[in-house]
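Just so you know, residue 1 is the first one in the sequence shown, and it goes up from there. Only heavy atoms go into these numbers, but all of them, side chains included; no hydrogens, no water, no symmetry mates. All figures in this text were calculated on a predicted structure; none of them were measured in a lab.
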Amino acid sequence: MPDIDPRPDENEDEQFARVLVSRPDIARMAGVKRPAVSNWERRYPDYPAPAAPQTGSDPEQFRADEVLAWLSGRSVPANALRPGEPAGTTYGDRLRAGLTGERAGSLLAAVRRLTGADMERVRGPAPLRLYLEWLLHFVCRAILEGDGWAPGLRHFGESARECEVPEEKYPYRLPTAFVDMVDHSPPRSAEEAREAFDLAFGLLRDAEAREGGDFLTPPSVSRTMAGALAAVQPQASKPHDPYCRAGELLTAYLDAAAAQGADVGGVSGRTPRAHDLRKVGMSLRVHGLEVAGQNLGVGPRTPATGPVDPPGSHDTVITNPPFGVRLPDDVPPPSYWTYGPVRRTEFDWLQYAVSLLAPQGRAAVLMPAGAAFNEGAARTVRRGLVENRAVECVMALPAQLFERTAISTHIWFLRAPDVPGSPEGKVLFVDATGLGHSVTRARQALADEDIARLVQEYALWCEGAANGRGYPGTPGLSRVASQAEITVHDHSLNPVLYTRAAETAPIAAVDPAEARHRLSELAAELDHLHAWARGVQNDVDRRLGRYGL
């Protein structure tokens with residue numbers, strides 16, 4: 001197989017553009033005889049040309065991405081399909097599988113095909129959102145109801161029939177590719193099942209967001225929030241998301257807890273849209289949580305309008321609530337507004353999250369960056385939270401992590417207020433704005449090593465506080481500030497303010513005579529550069545003058 005050197009900044013197609021394949025490579029991976037490749041070249045003028053002229057005895061080679069695009073338009077005849085390959089499999093599917101080491105008939109390969117090269121052909125007149133909703137239904141069936149069970153997946157039996165048919169009917173008739181995928185593409189492993197489901201689910205939520213629905217929390221942000229909490233919370237912890245969107249933070253916590261060797265016995269969550277409950281339940285089951293472990297229900301878009309859960313009812317809260325909206329003036333201040341009546345949804349959710357925490361409980365709440373330094377009543381809330389030792393850590397994330405918005409965000413890690421043994425109101429500030437890598441020109445993501453680094457910072461801080469040893473932070477990334485220092489900064493909780501202040505060293509004393517000499521040298525150098533620039537400009541004017549310009 002040709003060697004692919006994966007690079008974190010590249011997607012799969014960009015990686016294939018750097019790979020060259022020979023005619024024998026193409027024949028082997030596409031599952032055809034060697035003469036068939038030559039026949040394609042002779043018969044079809046649009047078949048890709050060799051990548052570059054070859055010399056000596058070197059065989060001609062082709063760019064893998066160009067061959068893949070061409071073969072993706074050629075379906076394998078029904079009588080030539082391999083066992084497990086659904087109808088509609090293309091020679092491009094086989095080539096992609098050969099390049100990646102993935103079986104062409106696997107569930108993940110089928111979902112990639114149905115959301116990529118073959119999507120427009122398969123979906124017909126259906127709107128994109130409806131197409132993806134039906135695709136997700138069949139992916140769920142393939143995972144939870146199929147006959148081929150992958151290692152690590154529970155057989156849910158009749159209870160899995162909750163992969164209900166979508167309420168909106170598909171125009172005309174369902175694409176047969178869906179049915180073929182269910183019948184012939186069972187997942188090979190629990191990991192592949194989750195990846196296939198999450199791919200279809202993420203695309204569906206993006207399509208719904210464009211129609212006015214809620215955006216998903218970016219996966220790298222979900223993994224950071226969940227990984228940090230799972231690293232410090234006890235094994236018996238049951239996460240709660242009071243605004244669970246599509247359940248992405250709950251499933252991220254399940255995955256993070258599993259990586260820690262912990263067994264989460266159940267989760268709970270509230271979503272403002274009743275029809276989202278079925279999708280959240282499907283996602284949780286695919287990620288390994290049985291129906292009995294789910295406590296899901298409908299909740300308000302902002303808790304000030306109720307109904308809400310009782311105070312102190314949860315040991316772990318993780319949420320990405322809506323923000324940037326002002327509450328109406330006629331909404332009475334709820335009882336949990338302990339720290340100030342700020343009529344912004346983000347501070348309503350923030351104070352509500354704190355109220356939910358049981359003793360020793362912790363929360364991770366995604367907040368807009370401005371909440372850390374806005375003036376007025378917001379400052380009053382911050383002061384109250386800090387003085388009551390409810391803020392453990394504020395972590396500034398890179399910009400452009402979200403689709404279609406460049407908003408900057410922070411993760412606020414909170415604990416139940418005034419808990420004995422909390423570290424004297426000290427707060428860990430983490431500036432991760434310089435981390436991450438570009439996924440597209442308009443979007444960034446945190447790499448695995450970035451996520452691990454941020455999780456470790458928070459875990460070390462909590463461990464040091466629990467053992468009475470403290471944790472000083474990592475220069476250039478994090479720093480601990482006392483309550484007195486935060487007061488000096490007017491209760492701003494902007495991580496950049498504290499981490500970069502530590503990098504500013506006092507200016508050493510300079511001898512006046514040495515300073516005058518150095519300034520004289522710089523002035524002479526500046527005069528020389530000005531003279532050189534004037535000479536260049538005169539030469540340009542003279543040359544342009546020859547053309548009457």
Given 3.5 Å as the limit, does a donor-acceptor pair link the side chain of Asp241 with the main chain of Gly269, or not? no
inquiry  = Test your reading of the model: is there a side-chain donor-acceptor pair from Thr487 to the backbone of Gln483, 3.5 Å cut-off?
reply    = yes
Applied to residues 352-362, the salt bridge (charged side-chain N to carboxylate O under 4.0 Å, His left out) test, sequence neighbours excluded, yields Arg362-Glu392
Indicate yes or no: at least one non-hydrogen side-chain atom of Arg415 is less than 4.5 angstrom from one of Gln360.
-> yes
Taken to the nearest 0.5 Å, the spacing of Leu350 CG from Thr345 OG1 works out to 11.0 Å
Across all chains, not counting sequence neighbours, the side chain to side chain donor-acceptor pair (under 3.5 Å) partners of Glu195 are Arg112
Residues passing the ring-ring contact (aromatic ring centres under 6.0 Å, His included) test with His240, sequence neighbours excluded, are His314
Exercise. Would you check if there is a donor-acceptor pair between the side chains of Asp431 and Thr433 at a distance under 3.5 Å?
Key: yes
By side chain to side chain donor-acceptor pair (under 3.5 Å), Ser313 pairs with (sequence neighbours left out) none
query: Any luck finding a side-chain donor-acceptor pair between Glu248 and Ser222 under 3.5 Å?
result: no
Residue pairs meeting salt bridge (charged side-chain N to carboxylate O under 4.0 Å, His left out), one or both in residues 216-237, sequence neighbours left out, come to Arg223-Asp448
Could you tell me whether a side-chain N or O of His491 sits under 3.5 Å from a main-chain N or O of Ile486, the two making a donor and an acceptor? no
Here the gap from Lys426 atom NZ to Tyr471 atom OH, rounded to the nearest 0.5 Å, amounts to 14.0 Å
Checking Leu114, Leu108, Val111 against Val139 for side-chain contact (heavy atoms from CB on, under 4.5 Å), the one that qualifies is Val111
Item to complete: Decide yes or no on side chain to side chain contact (heavy atoms under 4.5 Å, CB included) for Phe373 and Leu497, but give the supporting numbers first.
Response: CA-CA 10 Å; Phe373 50 80; Leu497 175 66; over 6 Å; no
Checklist line | Test side chain to side chain contact (heavy atoms under 4.5 Å, CB included) applied to Val354 and Tyr339, step by step | finding: CA-CA 10 Å; Val354 174; Tyr339 308 104; 4.1 Å; yes
Between the CD atom in Gln456 and the CD atom in Glu463, the distance rounded to the nearest 0.5 Å is 10.0 Å
Salt bridge (charged side-chain N to carboxylate O under 4.0 Å, His left out) pairs touching residues 349-361, sequence neighbours excluded, are none
Closest non-hydrogen contact found for Phe323 with Leu366 is CE2-O, 4.0 Å
Residues Ala481 and Phe429: closest non-hydrogen pair is CB-CE1, 3.6 Å
Side chain to side chain contact (heavy atoms under 4.5 Å, CB included) between Ile411 and Leu454, intermediate numbers included: CA-CA 11 Å; Ile411 304 172; Leu454 297 177; over 6 Å; no
Applied to residues 292-311, the salt bridge (charged side-chain N to carboxylate O under 4.0 Å, His left out) test, sequence neighbours excluded, yields Asp214-Arg301, Arg270-Asp309
Exercise for the section: Taking Arg245 for its side chain and Asn320 for its backbone only, find out whether a donor-acceptor pair lies under 3.5 Å. Expected result: yes
In terms of heavy-atom contacts, Val264 and Pro239 come closest through CG1-CD, 3.7 Å
* Is the backbone N or O of Ala371 less than 3.5 Å from a side-chain atom of Arg382, with the two atoms forming a donor-acceptor pair by type? -> yes
Hey, what's the ring geometry for Trp349 with Tyr243, parallel, tilted or perpendicular (30° and 60° as the breaks)? perpendicular
Here the ring-ring contact (aromatic ring centres under 6.0 Å, His included) pairs for residues 251-300, sequence neighbours left out, are none
Sorted by chain and residue number, the side chain to side chain donor-acceptor pair (under 3.5 Å) partners of Asn295 (sequence neighbours excluded) come out as none
Any non-hydrogen side-chain atom of Trp412 less than 4.5 Å from a side-chain atom of Leu385? yes
Closest non-hydrogen contact found for Leu435 with Pro398 is O-CG, 3.3 Å
Donor-acceptor pairs are to be reported for all side-chain atoms of residues 327-336 against protein atoms at under 3.5 Å, with residues two or more places apart or in another chain.
| residue | atom | partner | partner atom | Å |
| --- | --- | --- | --- | --- |
| Asp329 | OD1 | Arg326 | NH2 | 2.9 |
| Tyr336 | OH | Ala304 | N | 2.9 |
| Tyr336 | OH | Asp348 | OD1 | 2.5 |

Side chain to side chain donor-acceptor pair (under 3.5 Å) filter on Glu167, not counting sequence neighbours, yields none
So OG1 of Thr474 and CG of Leu428: to nearest 0.5 Å the spacing works out to 8.5 Å
Check your understanding: How about Leu284 and Thr251: do any of their side-chain heavy atoms sit closer than 4.5 Å?
Key -> yes
Handout entry: Worked verdict on Phe197 versus Met282 for side chain to side chain contact (heavy atoms under 4.5 Å, CB included)
Key = CA-CA 9 Å; Phe197 183 89; Met282 288 164 51; 4.0 Å; yes
In terms of heavy-atom contacts, Leu216 and Gly202 come closest through CD1-CA, 3.5 Å
So CE of Met119 and CG of Leu203: to nearest 0.5 Å the spacing works out to 8.0 Å
*asked:* Is any side-chain heavy atom of Val391 closer than 4.5 Å to one of Leu414?
replied: yes
Distance col, row Leu229:CG vs Thr316:OG1, nearest 0.5 angstrom, shows 6.5 Å
Salt bridge Glu457-Arg453, side-chain N to carboxylate O under 4.0 Å: no
request  = For the residue pair Tyr131 and Tyr170, categorise the inter-ring angle as parallel (less than 30°), tilted (30 to 60°) or perpendicular (more than 60°).
outcome  = tilted
* Asked: Would you find a donor on one side and an acceptor on the other, under 3.5 Å apart, between the side chain of Gln351 and the backbone of Thr338?
  -> yes
Donor-acceptor under 3.5 Å (Gln294 side chain, Val267 main chain): no
Across all chains, not counting sequence neighbours, the ring-ring contact (aromatic ring centres under 6.0 Å, His included) partners of Phe347 are none
On a heavy-atom basis, the closest approach of Met395 and Thr224 is SD-CG2, 4.1 Å
